[in-house]
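Each ligand, and each atom within it, is numbered from 1 in the order the structure gives.
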Amino acid sequence: MNCKQLLLFGATGDLAGRYVLPALASLHAADQLPSGFTLTGVARQDWSEDQFRRHSRERLERHAPSVPAAARDALIESLRYLRADSKSAEDVARCVRVITAREAGPLVAYLALPAQLFAGTIAALRDAGLPAGSRIAIEKPFGIDLDGARSLNRLLAEVARDVGEHAAYRIDFVLGLATVQNLLPLRMLNPPLAALWDASHIERVEILWEETLAMEGRGSFYDATGGLRDVMQNHMMMALCELAMEPPSDMNERELGDRRVELLRAMRAPSAGDMATQTCRARYTAGRVPTAGGELRAIPSYVDEPGVDGARETETFAQIALDIDNARWRGTRFVLRAGKALERTRKEAVIHFRAPGQVSLHGGSAEVGASTLRIGLDGPEDIALRLHGRAPDAPGQTLPVILTAPPLPSALPAYARVLLDLLSGGSMLSVRGDLAEESWRIVMPVLDAWSEGRVPLRQYPAGSRGPEC
Ligand SMILES: NC(=O)c1ccc[n+]([C@@H]2O[C@H](COP(=O)([O-])OP(=O)(O)OC[C@H]3O[C@@H](n4cnc5c(N)ncnc54)[C@H](OP(=O)(O)O)[C@@H]3O)[C@@H](O)[C@H]2O)c1
């Protein structure tokens with residue numbers, strides 16, 4: 001069922017202006033928003049509707065410059081604003097009353113709020129009498145630990161009892177990335193890949209989420225979160241699922257969800273004894289990072305960033321090596337690495353095939369390393385298959401043979417695909433509740449070991465490749 005009414009909590013925030021509004025504008029441009037669509041922004045600022053519209057216009061000019069102005073204007077026209085504190089159940093109920101008085105039918109309440117407000121806001125929405133078929137979309141991080149995720153799931157189950165089983169929608173934009181949506185088809189549609197996709201042929205899989213960006217004014221948010229909670233427990237685990245899960249018999253919501261959960265259930269967190277060798281955490285010291293224009297920008301030490309309390313020992317770099325205990329993957333190492341203020345931005349999966357070792361060639365024998373397949377996940381990265389060939393003029397030596405393909409052309413940003421699924425009543429791109437919990441189960445022992453100081457906190461200069469782990 002289509003939801004025409006979007007109640008956006010946190011509508012004046014960074015996420016709303018950077019991703020949600022631009023995605024809605026691209027859906028407008030593609031004529032894919034339900035007719036009569038209205039967005040009601042909610043925040044505590046004492047703004048008029050005009051102020052909210054002016055703010056939104058400015059955000060769209062900055063973050064959606066390629067969307068035709070007519071589509072941006074049409075979206076602005078559909079914006080409303082309500083001042084409310086989501087900590088107040090009465091305020092939340094008032095927002096729901098205003099929307100339902102305006103138009104009958106289901107609504108989507110989208111929580112683009114600080115994560116500590118999720119539980120209270122969901123409880124207030126549960127008690128506010130949402131129309132049947134309504135949905136609550138929750139941004140990541142879904143909880144700050146396993147217990148938190150479980151209690152959010154319990155609350156959402158209560159909402160679902162009142163308004164319908166599709167009430168909960170857990171957002172992870174990575175499931176909307178065209179590149180990530182292509183991972184499973186790439187494996188399934190290409191027999192050479194399908195035949196090699198196991199531990200006999202793949203030694204190691206890396207998932208990298210490396211950024212040149214540092215805190216950019218968001219130090220207090222990041223300091224309470226850290227790299228492991230910010231991107232590894234959610235975005236990177238979702239990409240790992242698409243890379244490693246068993247192909248489903250049918251590409252439907254249930255089959256896909258089941259295969260993802262099965263994979264994470266087979267995944268082993270590092271044991272207490274292996275924590276120091278299989279995990280690595282660090283934070284950056286002062287340095288210089290490259291900008292988009294190619295210049296170098298000075299970055300202070302993480303501990304000197306505004307909003308950061310150095311005593312918390314929050315990691316800006318996180319690495320975990322994981323094993324999957326199933327027939328396909330026993331013997332392959334999965335390495336997840338995320339970092340801020342690094343030498344370059346790369347968000348990609350790298351598949352390292354097993355190296356053939358010593359190979360006899362004309363004119364001698366050569367030690368041949370691993371062939372790799374690199375798949376860009378988010379950004380301008382392409383797909384590159386790096387093979388080895390014989391060097392024509394150097395007997396007994398090899399040369400790299402690199403086959404590359406540009407990124408897939410895609411008209412819609414990832415958030416637009418997610419919003420389309422959400423507004424049209426689907427759940428193909430929602431993170432299932434049990435999947436979120438499984439992912440927390442894997443990272444909890446690491447978080448505990450780090451917070452108890454069982455793994456040393458290393459340092460790396462901003463603008464470097466990160467620490468040697
Ligand atoms: N920014 C990103 O790139 C990004 C990416 C993925 C996920 N997320 C997630 O999205 C959520 C929002 O992040 P953000 O970066 O947009 O944060 P933000 O810039 O700090 O914005 C927070 C928003 O929530 C509103 N708000 C705060 N307390 C409120 C309350 N008690 N009642 C009503 N509104 C309240 C704020 O407006 P007022 O202060 O005026 O009330 C503001 O509109 C977080 O859970 C974050 O983890 C963010």
- Note on the structure: the protein heavy atom lying closest to atom 40 (O) of ligand 1 turns out to be Q45 CG, 2.9 Å
- Considering the heavy atoms of K140, write down every atom of ligand 1 situated less than 4.0 Å from one of them. 6 (C), 7 (C), 8 (N), 9 (C), 45 (O), 46 (C), 47 (O)
- Item | Atoms in ligand 1 flagged as close to A115, the criterion being non-hydrogen separation under 4.0 Å | 45 (O)
- Item | Basic-acidic side-chain contact under 4.0 Å: E262, R265 | no
- Relative to ligand 1, is F173 under 4.0 angstrom through side chain, backbone, both or neither, heavy atoms considered? neither
- Do Y222 and T316 have side-chain atoms, one donor and one acceptor, less than 3.5 Å apart? no
- Atoms in ligand 1 flagged as close to L117, the criterion being non-hydrogen separation under 4.0 Å: 28 (N), 29 (C), 30 (C), 31 (N)
- Message: Show the atoms of ligand 1 that are less than 4.0 angstrom away from any heavy atom in F118.
- Response: 45 (O)
- Message: For ligand 1 and Y415, I'd like to know whether there is a polar contact (N/O to N/O, distance under 3.5 Å).
- Response: no
- Message: If the cut-off is 4.0 Å to any non-hydrogen atom of Y19, which atoms of ligand 1 fall inside it?
- Response: 3 (O)
- Item | Minimum side-chain heavy-atom gap Y19-I171 below 4.5 Å | no
- Message: Salt bridge check, E468 against R458: does any charged N sit closer than 4.0 Å to a carboxylate O?
- Response: no
- Protein non-hydrogen atom found under 4.0 Å from atom 20 (O) of ligand 1: no
- Quick one: do E305 and R218 make a salt bridge, cutoff under 4.0 Å? no
- Do D91 and R94 sit within salt-bridge range, that is, some charged N less than 4.0 Å from a carboxylate O? yes
- G13-ligand 1 polar pair, N/O distance under 3.5 Å: yes
- For atom 32 (N) of ligand 1, which protein heavy atom lies nearest, and how many Å away is it? S86 N, 2.8 Å
- Note on the structure: P141 heavy atoms within 4.0 Å reach ligand 1 at atoms 47 (O)
- Item | Between F173 and H235, ring centroids under 6.0 Å | yes
- Residue portion contacting ligand 1 (non-hydrogen atoms closer than 4.0 Å) for A112: backbone
- Looking only at non-hydrogen atoms, the one of G10, C95, G217 nearest atom 23 (C) of ligand 1 is G10
- Is the shortest side-chain N to carboxylate O distance from E210 to R337 below 4.0 Å? yes
- Note on the structure: If you scan protein heavy atoms around atom 37 (O) of ligand 1, the nearest is T12 OG1, 3.2 Å
- Task: Determine whether V180 and L377 make a side-chain contact, defined as any pair of heavy atoms from C-beta on separated by less than 4.5 Å.
- Result: yes
- Message: Using a 4.0 Å cut-off to any heavy atom of A84, which atoms of ligand 1 qualify?
- Response: 32 (N), 33 (C)
- Task: Any chance you could lay out the side chain to side chain donor-acceptor pair (under 3.5 Å) test for R170 and N153, step after step, and finish with the verdict?
- Result: CA-CA 10 Å; R170 299 166 198 80; N153 276 337; 2.9 Å; yes
- Item | Interfacing atoms of ligand 1 (cut-off 4.0 Å, heavy-atom, F221) | 47 (O)
- Item | Closest to atom 11 (C) of ligand 1 among L15, L113, D85 (heavy-atom distance) | L113
- Task: Tell me, with the steps shown, if Q278 and R333 meet side chain to side chain donor-acceptor pair (under 3.5 Å).
- Result: CA-CA 10 Å; Q278 279 186 228; R333 229 340 123 76; 3.2 Å; yes
- Are R454 and T279 linked by a side-chain donor-acceptor pair shorter than 3.5 Å? no
- Query: Between D14 and ligand 1, is there a nitrogen or oxygen pair with a distance under 3.5 Å?
  - Reply: yes
- Message: Does only the side chain of R218 get under 4.0 Å from ligand 1, or the backbone, or both, or neither? Count heavy atoms.
- Response: side chain
- side chain to side chain donor-acceptor pair (under 3.5 Å) between S439 and R260, worked out: CA-CA 10 Å; S439 180; R260 288 179 185 136; over 6 Å; no
- Note on the structure: Contact region, E139 to ligand 1, non-hydrogen atoms below 4.0 Å, reads side chain
- Note on the structure: Among non-hydrogen protein atoms, atom 39 (O) of ligand 1 lies closest to R44 NH2, 2.9 Å
